[in-house]
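I have placed the structure first, in the form of structure tokens, so that the comments after it can refer back to it.
The figures that follow rest on heavy atoms only: side chains count, while hydrogens, waters and symmetry mates do not.
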Amino acid sequence: MSFNSPFDGNVVQPTDVSYRSITLAANTQLEWPINGNATDDFAARIMQVTASSGGLSLYMPPANQASVGQDALIRNVGANTFTVKDYEGVNTIVSIAAGESKYIYITANSTATGTWGIIAFGVGTSSPDASVLAGAGLLASGATLNQSHPAASITAGYTFVTGDRAQTYIWTGGAGSATLPTASTTGNNWFVLVKNNGTGTLTISPSGGSLIDGGASKAFQPLESAIIVSTGTAYVTIGYGQSTTFEFGLLTKPVTTGAYTLTASEASNVIQIYTGTLTGNVTVTYPPVVNFYAVSNQTVAGGFTLTLTTGIGGSATAQVPANGQATLFCDGTNFYNANTTQAGATALSIVSGSAGSPAINFAAETNTGLYRPGAGRFGISILGTQVLDVDANGIEVTGDVEGTNASFTGTGNFDSGISGGTFP
């Protein structure tokens, strides 16, 4: 229903006033600007309102004096919220907070109160509400969205979930592991940030047969980090790896006696020098990571030893002699000598070996050579069989009697050579 003129039956349209600025000091009733009347509190198509205090209301003109579709855009440019009500003040059409803009229009005009439609124009300059739009990896700061990667520490086996999108996880434990969901579960573009700030290797493995960088797992050494991204079928790392500029670090560590444990930062140095006067045996525990070390023992040993270990039970250790050097590699558990000879060293330390695998042997015949059968003993083996055993008491020779299956064993001290007797 429209408001019709009693003279010609045509719809009466309020005069269109485009803009008005209103200071709302009290509840105010608006009128339609009919016949060009713009001297009273008239309604304009665009109204910019400042409420001097909270709890005030702006009353719209009678809906039955205008056609459906009659509209107004009302913007609150003040600091206080106000309400817009219908002509009789029975119903609140809309509440407009500071900085908001609301567009209202008549949808039914059979009564003075009418029915009004509402469209929210947003806050301020019609910008979107950042707090509503913020999702994983995004943080609302005022009216803008900013990147966000909240950090959390993990120290034990951890299983990532899809809800970890855009999160940062910092490993602070020793050697350990973490598990990724299947790549098809996380989907294309899921990602998580990982940093190893711990003392051991962090191994990350995907579930369900998914691969990471083409392998079944990825090892993160201390101080390494990467962004792990899902392609929907596999995982790839971004930013993982060493610098193209290779740099040797040097650690000089004084020791005296007892146990020492290297930090991840100390163990990152390739060249390591131990100094000091030993008053007892020294054991240095390294992080259980894959690495290469050049170690120099410059201590005043006094008969005491310097032993390197990962601290893992049953692992192979390395003992570096006083005034000696050793080039070693660690496989994450054991220490191994990286050289067959040690140039410039005053002593050479090797493993004890066995008759079947002598410590010093021949490339063409690895079961023939020299080894240490036990404490204070020196042995020679031929084709895996001991034939000579020397200790502080003398020499013991073992062999087969020629032409027979019998064996012989000889012992003795030979001060003036060997003579007489029968030799096979």
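Asp71 places no side-chain N or O within donor-acceptor distance of the main-chain N or O of Tyr105, the cut-off being under 3.5 Å. For the pair Gln29 (side chain) and Met60 (backbone), a donor-acceptor distance under 3.5 Å is present. Using a distance-only test at 3.5 Å, with no hydrogens or angles considered, no donor-acceptor pair links the side chain of Asn367 to the main chain of Gly356. Between the side chain of Glu365 and the backbone N or O of Phe362 there is no donor-acceptor pair closer than 3.5 Å. Not a single donor-acceptor pair under 3.5 Å links the side chain of Asn188 to the backbone N or O of Gly232. Side chain of Thr327 to backbone of Ala338: no donor-acceptor contact under 3.5 angstrom is found.
In this structure the side chain of Arg165 reaches within 4.5 angstrom of the side chain of Asn189, judged on heavy atoms. In this structure the side chain of Ile118 reaches within 4.5 angstrom of the side chain of Ile93, judged on heavy atoms.
In this structure, Asp391 does not pair ionically with Arg377, as no charged nitrogen and carboxylate oxygen lie closer than 4.0 Å. We find that Lys253 and Glu266 are joined by a salt bridge, their nearest charged nitrogen and carboxylate oxygen being less than 4.0 Å apart.
In this structure, Arg20 satisfies the cation-pi test against Phe42, with its NZ or CZ atom closer than 6.0 Å to the six-membered ring centre and inside 45 degrees of the ring normal.
Expressed to the nearest 0.5 Å, how far CZ of Arg372 lies from CD1 of Ile360 amounts to 13.5 Å. Rounding to the nearest 0.5 angstrom, the gap separating the OG1 atom in Thr283 from the CG atom in Leu308 is 9.0 Å. From Ile312, atom CD1 reaches atom OG1 of Thr333 across 4.0 Å, with rounding to the nearest 0.5 Å. If you take CG on Leu24 and CG on Leu58, they are separated by 6.0 Å, rounding to the nearest 0.5 Å. Between Ile227 atom CD1 and Ile238 atom CD1 the span is 7.0 Å, to the nearest 0.5 Å.
By the 6.0 Å contact criterion, OH on Tyr169 is enclosed, its count of non-hydrogen atoms from other residues, nucleotides or ligands being greater than 12.
Side-chain contact, Gln298 with Thr275: no donor N or O sits under 3.5 Å from an acceptor N or O.
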side-chain hydrogen bond (donor to acceptor under 3.5 Å, both in side chains) evaluation trace for Ser67 with Gln70: CA-CA 6 Å; Ser67 300; Gln70 184 68 35; over 6 Å; no

Evaluation steps, side-chain hydrogen bond (donor to acceptor under 3.5 Å, both in side chains), between Thr185 and Thr182: CA-CA 5 Å; Thr185 299; Thr182 58; 2.5 Å; yes

Chi angles and distances behind the side-chain hydrogen bond (donor to acceptor under 3.5 Å, both in side chains) call for Thr172, Asn197: CA-CA 5 Å; Thr172 57; Asn197 266 1; over 6 Å; no

Could you go step by step and tell me if Gln386 and Ser381 meet the side-chain hydrogen bond (donor to acceptor under 3.5 Å, both in side chains) rule? CA-CA 4 Å; Gln386 183 189 60; Ser381 68; over 6 Å; no

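When each of Tyr286, Tyr274, Tyr336 is checked for a ring pair (Phe, Tyr, Trp, His ring centres under 6.0 Å) with Tyr293, only Tyr286 meets the rule.
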